[in-house]
**Student:** 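Take a look at this one; I'll ask things after.
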Amino acid sequence: MDNIPVNLSGYRLMVTEEPTMKMRENKAGEMEPATDRDGVAKFVVMLFAKPRPVQGQRTGKGEEIKVTLVADPGEGFEEGSYVELINPILNTYEMRGEDGRITASGVWFKADGLKPAGPSISSAPSAA
């Protein structure tokens with residue numbers, strides 16, 4: 001399955017490693033920028049995804065995720081800043097050995113970009 005839309009509104013996303021150009025190893029063993037089919041460079045960011053608190057439930061611990069970005073997100077996404085993903089999607093992958101057996105599988109995240117997170121629900125004034 002490819003390009004599955006993901007709703008991450010139930011998570012707080014904090015930058016743990018600032019966005020950088022995505023690199024890959026070429027056939028000569030040298031690192032080069034990873035690009036799409038049109039030659040546009042991709043970027044990657046590491047985020048800590050922690051579930052938002054829900055009244056009466058224990059908050060989950062969270063997990064670090066790596067997200068491929070289809071364009072340069074620009075400045076202002078330093079470590080520790082909270083962000084939202086623009087049009088996040090999920091993809092699956094599997095790798096096979098020479099014998100055809102699956103040796104690894106998983107999911108990877110991709111998004112059109114980043115934007116600063118709006119005010120969190122917990123910091124919004126109450127209507128008491």
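Note that the structure is a prediction, hence the values are computed from the model and not measured.
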**Student:** List the residues meeting side-chain hydrogen bond (donor to acceptor under 3.5 Å, both in side chains) with S81, not counting sequence neighbours, and say none if there are none.
**Tutor:** none

**Student:** Might you point out which heavy atoms bring G60 and P51 nearest each other, and give the distance in Å?
**Tutor:** O-CD, 3.8 Å

**Student:** For the residue pair P73 and L114, what are the closest heavy atoms and their distance?
**Tutor:** CB-CD1, 4.1 Å

**Student:** For L47 and V15: C-alpha separation, side-chain torsions, deciding distance, then whether side-chain contact (heavy atoms from CB on, under 4.5 Å) applies.
**Tutor:** CA-CA 5 Å; L47 303 174; V15 175; 3.8 Å; yes

**Student:** R101: what forms a salt bridge (Lys or Arg N to Asp or Glu O under 4.0 Å) with it, not counting sequence neighbours?
**Tutor:** D99

**Student:** I'd like to check the side-chain hydrogen bond (donor to acceptor under 3.5 Å, both in side chains) partners of K66; sequence neighbours left out, ordered by chain and number.
**Tutor:** none

**Student:** For the pair D38 (side chain) and V40 (backbone), establish whether a donor and an acceptor sit closer than 3.5 Å, ignoring hydrogens and angles.
**Tutor:** no

**Student:** Could you work out, with side-chain hydrogen bond (donor to acceptor under 3.5 Å, both in side chains) as the rule, every residue matching S9, not counting sequence neighbours?
**Tutor:** N7

**Student:** Other members of the hydrophobic cluster containing M46, with the 4.5 Å side-chain heavy-atom rule, please.
**Tutor:** none

**Student:** Roughly how far apart are E79 CD and E17 CD, rounded to 0.5 Å?
**Tutor:** 8.0 Å

**Student:** Determine, using the 4.5 Å side-chain heavy-atom cutoff (strictly less than), whether V6 and V107 are members of one ILVMFWY cluster.
**Tutor:** yes

**Student:** Could you go through D112 and L69, starting from their C-alpha distance and side-chain angles, then the distance that decides it, and tell me whether this counts as side-chain contact (heavy atoms from CB on, under 4.5 Å)?
**Tutor:** CA-CA 6 Å; D112 289 343; L69 304 171; over 6 Å; no

**Student:** For residues M21 and P33, report the shortest heavy-atom separation together with the two atoms involved.
**Tutor:** SD-CB, 3.5 Å

**Student:** Of all residues at least two apart in sequence or in a different chain, which pass the salt bridge (Lys or Arg N to Asp or Glu O under 4.0 Å) check with E32?
**Tutor:** R24

**Student:** Just verifying a value: how many Å separate N3 CG and L90 CG, rounded to the nearest 0.5 Å?
**Tutor:** 9.5 Å

**Student:** Measure across I65 and F109 and return the closest heavy-atom pair with its distance rounded to 0.1 Å.
**Tutor:** CG2-CE1, 3.8 Å

**Student:** What is the distance from atom OG1 of T92 to atom CD1 of I4, rounded to the nearest 0.5 Å?
**Tutor:** 6.0 Å

**Student:** When rounded to the nearest 0.5 angstrom, what is the spacing between CD in E84 and NZ in K115?
**Tutor:** 5.0 Å

**Student:** Are V67 and M14 grouped together when hydrophobic residues (ILVMFWY) are joined by side-chain heavy atoms under 4.5 angstrom apart?
**Tutor:** no

**Student:** Around atom CD of E94, are there more than 12 heavy atoms of other residues, nucleotides or ligands at under 6.0 Å?
**Tutor:** yes

**Student:** Quick one: does E78's side chain get under 4.5 Å of E18's, heavy atoms only?
**Tutor:** yes

**Student:** Spell out, as yes or no, whether a donor-acceptor pair under 3.5 Å connects the side chain of N87 to the backbone of A111.
**Tutor:** no

**Student:** Verify the neighbour count for atom OH of Y11: are there more than 12 heavy atoms of other residues, nucleotides or ligands below 6.0 Å?
**Tutor:** no

**Student:** Would you confirm whether T68, through its side chain, and K110, through its main-chain N or O, come within 3.5 Å as a donor-acceptor pair?
**Tutor:** no

**Student:** Do the side chains of V45 and Y82 join up, straight or via other hydrophobic residues, at under 4.5 Å, putting them in one cluster?
**Tutor:** no

**Student:** If Ile, Leu, Val, Met, Phe, Trp and Tyr residues are connected whenever their side-chain heavy atoms lie under 4.5 Å apart, and connections chain through other members, are F43 and V70 in the same group?
**Tutor:** no

**Student:** How about E64: does its CD atom have over 12 heavy atoms from other parts shown lying under 6.0 Å from it?
**Tutor:** yes

**Student:** For atom CE of M31, is the number of surrounding heavy atoms from other residues, nucleotides or ligands below 6.0 Å larger than 12?
**Tutor:** yes

**Student:** Examine L8 and V44 and state if one hydrophobic cluster contains both, with Ile, Leu, Val, Met, Phe, Trp and Tyr joined whenever side-chain heavy atoms are less than 4.5 Å apart.
**Tutor:** no

**Student:** Whether the T35 and K42 side chains hold a donor-acceptor pair (N or O, under 3.5 Å, no angle test) is what I'd like checked.
**Tutor:** no

**Student:** One pair to check against side-chain contact (heavy atoms from CB on, under 4.5 Å): T103 and R96. What are the steps and the verdict?
**Tutor:** CA-CA 5 Å; T103 59; R96 295 180 180 265; 5.7 Å; no

**Student:** Please step through side-chain contact (heavy atoms from CB on, under 4.5 Å) for the pair L85 and L13, ending with a clear verdict.
**Tutor:** CA-CA 9 Å; L85 294 173; L13 305 174; 3.9 Å; yes

